[in-house]
Amino acid sequence: MQTSAKLRESAILPREFYGRDPVPVARDLLGKLLIRRIGRKRLVGRIVECEAYLAADDPAAHAFSGRTPRNAVLFGPPGYAYVYFIYGNHYCLNVSCTKDGEAGGVLFRAMEPALGIEDMAKARGLELSELNSPSQLRLISSGPGRMSEALGITRERDNAKDLTSSRSDLYFSDDGYRPERIVATPRIGITKAVDKPLRFTIAGNPYVSGKRTT
DNA sequence: GAGGAGATCGTCT
DNA sequence: GACGATCTCCTCT
């Protein structure tokens with residue numbers, strides 16, 4: 001089941017949206033649009049997979065062992081981008097979700113390309129004309145590193161960016177789409193707190209990362 | 001299709 | 001100096 005790529009009028013998500021516990025924020029972010037503006041162009045994807053990271057009681061979270069220069073954004077106000085570099089190769093995008101001073105965030109793991117698909121493919125070193133099947137199209141943005149590369153997200157450019165400002169070139173919006181069914185599973189790629197079901201996906205969506213279940 | 005290992009570097013101890 | 005919220009390529013079946 002694919003979501004419609006037709007974009008209706010949409011509203012930028014306000015800071016209050018992120019000023020809650022990361023779990024409901026992660027669930028509610030599924031189906032929202034992530035928009036990157038590059039000059040007059042827009043790259044748009046629909047979020048289909050994300051993970052919640054808490055601070056207290058969550059050893060897998062970057063914020064767990066306290067504030068450092070790297071993770072400072074997670075301790076700041078909600079609605080800001082936390083971008084980090086991992087494995088010497090990849091950038092991962094999070095948004096800060098802080099409630100009552102408690103650090104937290106949501107990691108974005110996959111999106112369904114909606115607009116500017118050719119530019120996203122190019123950014124990934126792929127040729128759209130050669131991507132003929134859904135399983136090949138997944139290569140554009142199924143995985144946190146792939147998603148960031150498709151949208152040109154880097155730490156230098158986007159870390160600590162306000163994602164709720166209409167002046168920002170990176171933000172989330174709501175076009176009214178609501179997923180039919182959301183699935184919660186354990187998070188991927190971590191070695192601590194591996195059993196917590198804090199990864200959320202849109203059931204059946206082909207752009208979810210990892211093994212295909214459909 | 002599944003599984004394993006290398007790449008590669010910022011961050012923290 | 002070790003490790004990591006990953007991806008890709010290669011080998012084996």
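Chain A is the first sequence line, chain B the second, and so forth, proteins listed ahead of strands; every chain is numbered from 1.
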Which one is paired to B:dT8, where only Watson-Crick or G-U wobble pairs with both distances under 3.5 angstrom count? none
Assigned partner base of C:dA5, Watson-Crick or wobble definition, under 3.5 Å: none
Counting only side-chain N and O atoms of [X], is one of them less than 4.0 Å from OP1 or OP2 of [N]?
X	N	result
A:Arg199	C:dA5	no
A:His62	C:dA5	yes
A:Arg124	C:dC7	no

Euclidean distance, atom [atom1] of residue [X] to atom [atom2] of [N] [Å, nearest integer]:
X	N	atom1	atom2	value
A:Leu126	C:dC7	CG	C1'	12 Å
A:Leu139	C:dC7	CG	C1'	11 Å
A:Ile188	C:dG4	CD1	C1'	16 Å
A:Arg155	B:dC9	CZ	P	16 Å
A:Met147	C:dC7	CE	C1'	15 Å
A:Ile86	C:dT6	CD1	P	7 Å
A:Phe85	B:dT11	CZ	P	9 Å
A:His90	B:dT8	NE2	C1'	9 Å

So A:Tyr53 and A:Tyr82, ring-ring contact (aromatic ring centres under 6.0 Å, His included) or not? Walk me through it. CA-CA 12 Å; A:Tyr53 284 88; A:Tyr82 168 50; 9.9 Å; no
Given C:dT6, B:dC12, C:dG4, identify the nucleotide with an atom nearest to the side chain of A:Arg70. B:dC12
Closest to the side chain of A:Asn89, out of B:dC12, C:dA5, B:dA7, is B:dA7
Select from A:Lys192 and A:Pro144 the residue whose nearest nucleotide in DNA chain C is closer to the 5' end of that strand. A:Lys192
Rounded to whole angstrom, note down the P distance from B:dG3 over to C:dA5. 22 Å
Determine the sole option in A:Arg187, A:Lys196, A:Lys192 for which the side chain to side chain donor-acceptor pair (under 3.5 Å) test with A:Asp58 is passed. A:Arg187
Pairing donors with acceptors under 3.5 angstrom, does anything connect the side chains of A:Thr98 and A:Ser96? no
Mind checking A:Tyr87 for me? I need base, sugar-phosphate or nothing, with any heavy atom below 4.0 Å counting as a touch. base
Using a 4.0 Å heavy-atom cut-off across all strands, classify A:Arg187 as base, sugar-phosphate, or nothing. nothing
Check for me, please, whether A:Leu139 and A:Leu43 land in the same ILVMFWY cluster - side-chain distances under 4.5 Å, paths through other members count. yes
When you compare the ring of A:Tyr84 with the six-membered ring of C:dA5's base, are the centres less than 5.5 Å apart and the planes under 30° from each other? no
So, is the end of the A:Arg20 side chain (NZ or CZ) under 6.0 Å from the ring centre of A:Phe17 and within 45° of the ring's axis? yes
